[in-house]
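Presented below is the structure to which this report refers.
Here, residue 1 is the first one in the sequence, and each next residue gets the next number.
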Amino acid sequence: MLKELYIENLAVIEKANIPLDEGLNVFTGETGAGKSILINGINSVLGQRVTKDIVRSGCRKAVVSALFDVDERLEKLINEYGIEIEDKEILLSREINSDGGSIARINSRTVNVAILRDIGNLLVNIHGQHDNQILLSPEKHIDILDSFGELENEISDYLADFKELQNISRKIKQQSLDENNKSFRIEQLKEIVSEIEAYNFAENEDEAVEEEYQMLKNSAALRQTILETTAMLTGTDDEKGIDSYLLDAQGNLSVNSDLYKSFKEFSERLKAVSIEVSDVSQELYGILNSMDLNPQRFDYLSERRDDIRRITKKYGPELSDVLELLEKSRTELEELENGSNNLKELSQKRSDLLAQVTKKARVLSEMRKAVAKIFVERVTAELEFLNMPNVKIEVSQVAGKLTAKGLDTIEFLISANLGEEPKPIAKIASGGELSRIMLALKNVIAQKDDIPTLIFDEIDTGVSGRAAQKIGLKLREISRHRQVLCVTHLAQIAVMGDNHLLIEKNSVDDRTVTSVTVLEKSERKHEIARIMGGDNVTDLLLKNAEEMLNSVE
């Protein structure tokens, strides 16, 4: 369950720490006090879309965090996202920056919003006023029925075959081009295949050619450098090299060493230099002899580089793209040239798959028919309890063409009064009836899932009196099996709460500030009286409020 909600700098809420209990938690307050902001805050921490406008004016960021208790089942599901749970608690948080960005965290670990939303969906189910629009959209009714019937696996299996049927149908349509278009395409493909095949390119040849080309290109420059250097060191047929001059200098000093004793030392040093020069020259010649310099190979590589550059410019940008195009063109050409056989095989495959998909769709229809009976019984019982005793619900199931959802068009029909035939909800249901129908649907579907926290935002729209009391009783009944949070304007619902929180708006230092306060019993009495009578709270209203509170204890 949701144990605690913390909100900071969210619209008019400067800072609020909201403790929540098991059972039914009710939120009340005057219109405009900030109840919708509270729901927006919860939505944000559950990974729903938020905008920078929600950040309190003048603040750098808004922060919302929610602390949940989790059981072993939820812990196992959450662990699948790589998130560890400590002490059976999980903390979801969201920072919304004034520049529009946001940061999502789970247990202080940064995650993307999609993970926050997925885990949030395991923890909380929110019903807002906009959800009533689902009832007014008949195309959504089939999803409600399938969810109630837990038909997800059957629909997934059917959908896989249906998509394959669509894929084959597209191939058949593509291969059924008129002969002129087919002939033109065949010639176009032949030209592409012929042009690329003529080069006989190998995979990754562009990289290999470039690497060898650069090596040989540098080898030519290296060869020239070696030849020029060895000519300087050891000479040529026409000129002496450095080694000859060194030997002459060494001999000259050696012959005249008796004139100056240091000449002998200099002579020995020049001899050593001469030997070193000779060694360097020999090693350079060794490098030159080891090099495989093939001018014809270099010319071939230059031409191959030009071929690769030309073909990639036309069909590239990379050689891998060219080879991929060649393979695709060969395949398409083969399919078009053998179109008759392929078309016959595809047509047979489509026929077989159509029969299979149709069979699965009919099975799905039968399952929906069985589910619809139980669905009607459950929803009718819920609505009768919610002060709609004469209600009659029907599930209209009309077979049509195959779609992604099967053969069925599903629509919920309702009659709220005796003697009237059920009609589409959108045509006859009032606001109060929509609220009760939606509550009934939420309850019967909630019985099928394991989401521990349900939130109802103004489920009491359009109802009053006994109907409101019944909604309160129903919420209280639901809260005995899971945690319920409810924003309400009605005393009949507010008195049912196990935990009553007041949302108030005040002015502090010329700024609007919204606060959330947990009410004790005496404070609850005044709030219930205010809901019934507005600002004019009389002794009679206080007495009535006390009696209402006592009646549900």
Side-chain angles (χ1 to χ4, degrees), residues 1-20 25-29 31-56 59 61-68 70 74 78 81 90-98 100-107 110-134 140 435 438-439 442 445-446 449 451-461 475 482-489 501 503 505 514-516:
M1 72 167 198
L2 177 56
K3 292 179 62 178
E4 188 176 283
L5 183 68
Y6 174 77
I7 296 176
E8 182 178 334
N9 296 328
L10 193 74
V12 294
I13 300 179
E14 183 177 22
K15 188 176 290 187
N17 198 59
I18 306 168
L20 298 162
N25 298 264
V26 295
F27 293 84
T28 63
T31 302
K35 296 186 293 296
S36 61
I37 297 168
L38 183 71
I39 298 299
N40 288 340
I42 296 174
N43 271 319
S44 70
V45 83
L46 295 177
Q48 301 304 314
R49 183 177 178 273
V50 294
T51 64
K52 62 182 180 181
D53 300 333
I54 202 169
V55 179
R56 184 172 170 81
C59 296
K61 66 180 180 180
V63 179
V64 183
S65 62
L67 180 65
F68 290 87
V70 294
L74 282 170
I78 293 169
Y81 289 89
I90 183 171
L91 181 69
L92 309 187
S93 63
R94 186 90 175 267
E95 292 181 8
I96 304 103
N97 298 320
S98 58
S102 74
I103 300 173
R105 292 189 177 89
I106 298 179
N107 287 350
T110 303
V111 297
N112 63 48
V113 175
I115 292 179
L116 191 69
R117 183 165 51 250
D118 288 346
I119 291 179
N121 287 337
L122 298 174
L123 298 169
V124 178
N125 186 317
I126 295 183
H127 167 65
Q129 294 183 54
H130 68 280
D131 285 356
N132 289 346
Q133 298 304 311
I134 294 174
K140 303 288 186 182
S435 294
M438 199 69 217
L439 177 58
K442 284 280 183 177
I445 293 174
D449 63 40
I451 297 175
T453 299
L454 300 179
I455 299 178
F456 295 93
D457 181 16
E458 300 190 10
I459 191 68
D460 53 19
T461 300
L475 292 173
R482 61 192 72 201
Q483 184 187 41
V484 176
L485 279 62
C486 177
V487 176
T488 182
H489 290 293
L501 300 104
I503 303 176
K505 182 167 65 175
T514 290
S515 61
V516 183

Which pair of heavy atoms, one from [X] and one from [Y], lies closest together, and at what distance?
X: L46; Y: G120; value: CD2-CA, 3.8 Å
X: S44; Y: V50; value: CB-CG1, 3.3 Å
X: I42; Y: I455; value: CG2-CD1, 3.7 Å
X: V113; Y: G47; value: CG1-O, 3.2 Å
X: P452; Y: L74; value: CG-CD1, 3.9 Å
X: S93; Y: L116; value: O-CD2, 4.2 Å

Step-by-step side chain to side chain contact (heavy atoms under 4.5 Å, CB included) determination, I503 to K505: CA-CA 7 Å; I503 303 176; K505 182 167 65 175; over 6 Å; no
Give, for atom [atom1] of [X] and atom [atom2] of [Y], the distance between the pair rounded to the nearest 0.5 Å.
X: L10; Y: C59; atom1: CG; atom2: SG; answer: 10.5 Å
X: D118; Y: N112; atom1: CG; atom2: CG; answer: 8.5 Å
X: N125; Y: F456; atom1: CG; atom2: CZ; answer: 7.5 Å
X: I115; Y: I78; atom1: CD1; atom2: CD1; answer: 12.0 Å
X: T453; Y: L2; atom1: OG1; atom2: CG; answer: 6.0 Å
X: S102; Y: I54; atom1: OG; atom2: CD1; answer: 11.0 Å

Donor-acceptor pair, side chain of R482 and main chain of I451, under 3.5 angstrom: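 Answer holds: yes.
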Backbone N/O of E95 and side chain of R105: donor-acceptor pair under 3.5 Å: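 Side chain of R105 to backbone of E95: no pair is present.
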Worked verdict on L5 versus L38 for side chain to side chain contact (heavy atoms under 4.5 Å, CB included): CA-CA 10 Å; L5 183 68; L38 183 71; 3.8 Å; yes
Residue pairs, two or more places apart or on separate chains, that pass side chain to side chain donor-acceptor pair (under 3.5 Å) and touch residues 3-14: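 For residues 3-14: K3-E89, Y6-E8.
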CA sep, side-chain torsions, deciding dist, call: L92, R94, side chain to side chain contact (heavy atoms under 4.5 Å, CB included): CA-CA 7 Å; L92 309 187; R94 186 90 175 267; over 6 Å; no
L123 and V70, any side-chain heavy atoms less than 4.5 Å apart: yes
Side chain to side chain, L20 and L485, heavy atoms closer than 4.5 Å: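 Heavy-atom side-chain distance check passes, below 4.5 Å.
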Worked check of side chain to side chain contact (heavy atoms under 4.5 Å, CB included) between V111 and I119: CA-CA 11 Å; V111 297; I119 291 179; over 6 Å; no
